[in-house]
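If you're wondering where the values come from, they're calculated on a predicted model, not measured in any experiment.
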Amino acid sequence: MNKAPDMIVLGSTGSVGKQAIDVAQQLGIKVNALSANKDVETVESQARQFNVKACAMSDESSAMDLRQRLSDTEIKVYCGSAGICEMIAETGTDNENGQVVENSILGEAGLKPTLATLKSKKKLALANKESLVVGGETVMKAARESGNEILPVDSEHCAIFQCLRSGRHKEIKNIILTASGGPFFGYTTEMLRDVTLERTLEHPTWNMGAKITVDSATLMNKGFEVIEAVHLFGVRPEQIKVVVHRESIIHSAVEYIDNSVIAQMSVPDMRHCVQYAVSHPERCEATTEELDLFSIGKLTFAKPDTDTFVLLKKAFEVISYGGALPAVLNASNEEVVAAFLVGKIDFYQIPGIVCDVVDRFKFASTEHDLDEILRIAQESRDVANDLISRK
């Protein structure tokens with residue numbers, strides 16, 4: 001592989017961000033800038049390790065703390081969402097291959113940095129699915145106008161992106177989106193009434209942050225990936241087929257009009273996805289383990305139970321309606337999952353509250369600009385928190 005572009009890692013202290021840091025270390029890629037939420041100690045360590053030019057923290061208190069810790073360096077520290085966007089625009093590089101911004105910020109907060117990256121014409125490695133769930137049309141328009149190709153880091157979308165190299169867009173019949181099924185595969189609605197937070201966070205194949213792990217358990221994460229795929233690959237919702245694949249070895253597949261199915265397989269490790277996005281269109285030596293099919297033994301497939309896990313069905317519904325409804329789905333889910341993680345509600349209550357909020361905002365299915373979408377999303381957060389307080 002030719003020299004890789006330098007990296008800016010957003011959300012560098014989260015699960016995917018740390019794996020991006022590991023990929024950079026293993027491949028000898030220079031990291032120019034970092035952003036994180038509040039984990040100042042880890043950011044300081046990363047900043048010193050890579051001798052970065054800049055860092056950004058989510059709030060002023062964390063930014064002030066980091067400035068003091070890095071006062072013996074020339075590292076510039078930015079603050080807040082606007083600061084992250086400024087950092088993206090202002091952090092340059094001498095690398096003739098430019099920079100790639102790996103966006104693994106959690107939640108809706110990743111949307112503005114995604115747009116700032118596209119505006120800056122830097123390469124975008126996107127792990128923040130909410131950018132496309134909340135602002136899909138805006139993001140894809142920005143990508144077209146900037147001439148930037150969005151390189152997906154989600155394992156499923158990275159797989160689809162690779163499989164699409166085998167054919168032309170007009171030859172796509174279906175996208176097969178695989179799902180692990182989460183820790184409660186096979187459970188009935190009644191069984192879900194007794195699950196605990198500890199059990200919810202025990203994902204069978206992936207090591208992820210708490211919020212995404214809960215979304216995987218409700219199948220909301222897969223629903224978001226359906227919405228993401230519609231925007232990213234320009235397909236209709238009915239062209240996306242979700243298949244439960246417990247082993248998480250086939251990360252997704254594309255079925256073409258001649259009924260050929262091209263699948264991408266590897267061990268379940270996000271470093272592969274980060275590496276592919278950074279090295280694209282070339283490949284480089286692996287930073288992950290080799291896939292040993294003999295030790296796996298078998299691969300299994302099943303239909304998702306959307307009667308029990310209704311949020312997956314809801315995601316198909318909202319992307320069909322469009323407008324601000326996907327943003328409402330995301331915003332209400334963020335609030336409800338946050339409430340579950342601190343013990344305010346039980347697991348089985350998550351889908352009901354989220355669906356209730358979405359149903360109240362059906363009027364939002366008409367076309368809106370991004371500011372209006374974000375305003376409606378905030379209103380849906382308020383409604384969700386009101387419903388949570390009544391539980």
Side-chain angles (χ1 to χ4, degrees), residues 1-2 100 114 118 123-127 129 131-133 136-137 139-180 221-245 247-286 288 290-291 293 296 299-304 312 315-316 319-320 322:
M1 180 181 86
N2 295 328
V100 56
T114 286
L118 294 172
K123 190 175 178 181
L124 174 63
L126 186 62
K129 61 175 59 69
S131 290
L132 290 166
V133 172
E137 292 182 7
V139 170
M140 297 311 297
K141 180 182 178 183
R144 290 191 297 271
E145 290 176 349
S146 68
N148 271 11
E149 185 173 36
I150 299 174
L151 302 169
V153 175
D154 263 354
S155 64
E156 295 81 1
H157 301 84
C158 177
I160 295 162
F161 186 75
Q162 294 179 66
C163 295
L164 287 173
R165 297 179 73 173
S166 295
R168 292 175 292 181
H169 187 273
K170 67 179 183 180
E171 297 169 336
I172 300 170
K173 182 177 180 181
N174 291 305
I175 285 177
I176 301 170
L177 197 65
T178 57
S180 71
N221 191 56
K222 200 55 50 182
F224 288 148
E225 290 173 0
V226 169
I227 297 170
E228 186 180 6
V230 167
H231 290 296
L232 200 55
F233 305 118
V235 296
R236 303 184 306 276
E238 58 267 26
Q239 287 180 278
I240 300 176
K241 312 300 180 186
V242 176
V243 177
V244 177
H245 169 53
E247 295 79 13
S248 297
I249 297 300
I250 295 177
H251 296 295
S252 277
V254 174
E255 180 184 13
Y256 288 98
I257 54 176
D258 61 355
N259 291 337
S260 294
V261 177
I262 308 297
Q264 187 268 329
M265 304 168 66
S266 64
V267 296
D269 191 323
M270 289 298 296
R271 290 176 297 175
H272 167 79
C273 309
V274 173
Q275 173 184 318
Y276 186 77
V278 172
S279 67
H280 180 267
E282 299 181 37
R283 293 185 185 268
C284 59
E285 293 295 324
T288 58
E290 184 176 305
L291 176 62
L293 292 175
I296 296 166
L299 302 176
T300 60
F301 307 95
K303 290 183 178 180
L312 176 56
F316 276 100
I319 189 57
S320 297

Tell me, which pairs form a ring-ring contact (aromatic ring centres under 6.0 Å, His included) where one or both residues lie in residues 158-180, sequence neighbours left out?
-> F161-H280
Sequence neighbours excluded, which residues qualify as side chain to side chain contact (heavy atoms under 4.5 Å, CB included) partners of V230?
-> P237, I240, I319
In chain order, what residues pass the ring pair (Phe, Tyr, Trp, His ring centres under 6.0 Å) check against F224, with sequence neighbours excluded?
-> none
A315 meets the side chain to side chain contact (heavy atoms under 4.5 Å, CB included) criterion, sequence neighbours left out, with M220, I227, L329
Partners of K141 by side chain to side chain contact (heavy atoms under 4.5 Å, CB included), sequence neighbours excluded?
-> R144, E145
Indicate yes or no for a side-chain donor-acceptor contact from Y256 to the backbone of G167 under 3.5 Å, with no hydrogens or angles considered.
-> yes
Residues in salt bridge (Lys or Arg N to Asp or Glu O under 4.0 Å) contact with E149, at least two apart in sequence or another chain = none
Could you tell me which residues satisfy salt bridge (Lys or Arg N to Asp or Glu O under 4.0 Å) with R165, sequence neighbours excluded, listed by chain and number?
-> none
Taking only residues two or more places apart in sequence, or in another chain, which ones meet T178 in a side-chain hydrogen bond (donor to acceptor under 3.5 Å, both in side chains)?
-> none
Only counting residues at least two apart or in another chain, list the ones meeting salt bridge (Lys or Arg N to Asp or Glu O under 4.0 Å) with E238.
-> R236
Sorted by chain and number, sequence neighbours left out, side chain to side chain contact (heavy atoms under 4.5 Å, CB included) with S266 holds for H251, Q264, H272
Who are the side-chain hydrogen bond (donor to acceptor under 3.5 Å, both in side chains) partners of K129, not counting sequence neighbours?
-> D154, N221
Taking salt bridge (Lys or Arg N to Asp or Glu O under 4.0 Å) as the test, write out the residues that go with E255, two or more places apart.
-> K173
